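Read through the structure below, which is laid out as structure tokens, and then see the notes.
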Amino acid sequence: MTIYNFYIFDRNGVCLYYVEWNRRKQSGMSSEEEFKLMYGMIFSIKSFVNRISPTDVKEGFMTYKTSKYRLHFFETLSGLKFIMNTDLNVGNIRDILQQIYSTIYVEYVIKNPIIELDKPITSELFKTKLDDYMKGLPFFPAKVS
Amino acid sequence: MSRQAARGTDIRKVNGELFTLTYGALVSQLMKDYENDEEVNKQLEKMGYNIGVRLIEDFLARANIGRCNDFRETADIISKVAFKMYLGITPVISNWSPSGDEFSLLIENNPLIDFVELPDGHNALNYSNLLTGVLKGALEMVQMDVDVRFVQDQLKGDNLTELRLKFVKRLEDAIPAGED
């Protein structure tokens, strides 16, 4: 099992943070373009899912998979979006995205008064903490196979 | 909170009196700097707003609640969860407008004003105006544009402190560029 990459978007579609681990193939576009595409797709899927749902949605869109990877999506009530791409063997990791929000983002970004909330995160502390957390996850492989 | 209980003494907790005194020092410094009640109100609200914008994330992460279905539920959460969590009080919710878009929070024991007496000639000052900003900022982050103002203030001789919240509109998510 493995994690490919991870995005945090703010409520306005700004990519606050991006990191990749075992990504072997690039999308062949600039990262700004890729972020825009990712945000646009999430936005559209979300609105489609909400419109098509027979009853009022609670969680709404959470995950999709293709034959090659699985995308996991978690959105806070304040509109922050956490997106993680993994391989197909990783199951439901909603609580992990929630954990990243509450124990890493809130602790090291929100509670750091120097960080502007609408700008990409450059804090080394945040970076380190997130990386440590990810590497401690059971489905993060020790070595790239 | 279970997280707090597990840790025994919570390092995030601050002595209540220290908090009250710090707030007092802040307001009195603002009074010296601006020498104008209205301007101080404005500054307090602005500071509150900036606090609220961040506080909401801490709140959401800790309270772990779902989205509110209506404004009444929001009122309940503000009073019973948020005020309880951050100030240790539970304001009474009352005076709903007939259309359900406006209510009051009645605070009897506002911890901010524990040792405070307003000097003469400051009738326009809303000493606890930081609260209006916090509420506004926090609610804005969960897509609610809400108008918050002081109606009664114990410091001005009223029996209790009353904050009035009026729901203005729902804020929509920003649509990504090139998609309209």
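Small disclaimer: the values here were computed from a predicted structure and weren't measured.
With hydrogens and angles disregarded, a donor-acceptor distance shorter than 3.5 Å links the side chain of A:Asp87 to the backbone of A:Asn89.
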Salt bridge (Lys or Arg N to Asp or Glu O under 4.0 Å) between A:Glu107 and A:Lys129, intermediate numbers included: CA-CA 10 Å; A:Glu107 293 297 319; A:Lys129 292 285 176 189; over 6 Å; no

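For the atom pair OH (A:Tyr101) and OG (A:Ser78), the distance works out to 4.0 Å, reported to the nearest 0.5 Å.
At a heavy-atom cut-off of under 4.5 Å, chain A is reached by B:Val53, B:Arg54 from residues 44-54 of chain B, listed in order of number. For residues 135-143 of chain B, the interface with chain A (any heavy-atom pair closer than 4.5 Å) comprises B:Glu140, B:Met141, B:Val142, B:Gln143, sorted by residue number.
Note on ring orientation: taking the six-membered ring where Trp is involved, the planes of A:Tyr39 and A:Phe9 are tilted (angle from 30° to 60°). Ring-plane geometry between A:Phe140 and A:Trp21 is classed as perpendicular, the angle between the planes exceeding 60 degrees on a 0 to 90 degree scale with a lower cut at 30.
For B:Tyr86, the OH atom is densely surrounded, since the number of other residues' heavy atoms within 6.0 Å is greater than 12.
If you measure heavy-atom distances from A:Asp10 to chain B, you find no contacts under 4.5 Å at all. The part of A:Gln98 that comes within reach of chain B is its side chain, from C-beta onward, which places non-hydrogen atoms under 4.5 angstrom from that chain.
A donor and an acceptor atom, one from each side chain of B:Thr132 and B:Asn126, are nowhere located under 3.5 Å apart.
By the 4.0 Å N-to-carboxylate-O rule, B:Asp58 lies close enough to B:Arg62 to be salt-bridged with it. A salt bridge does not link A:Lys36 with A:Glu33: none of the charged nitrogens is closer than 4.0 Å to a carboxylate oxygen.
Aromatic ring centroids of A:Tyr18 and A:Phe35 lie under 6.0 Å apart.
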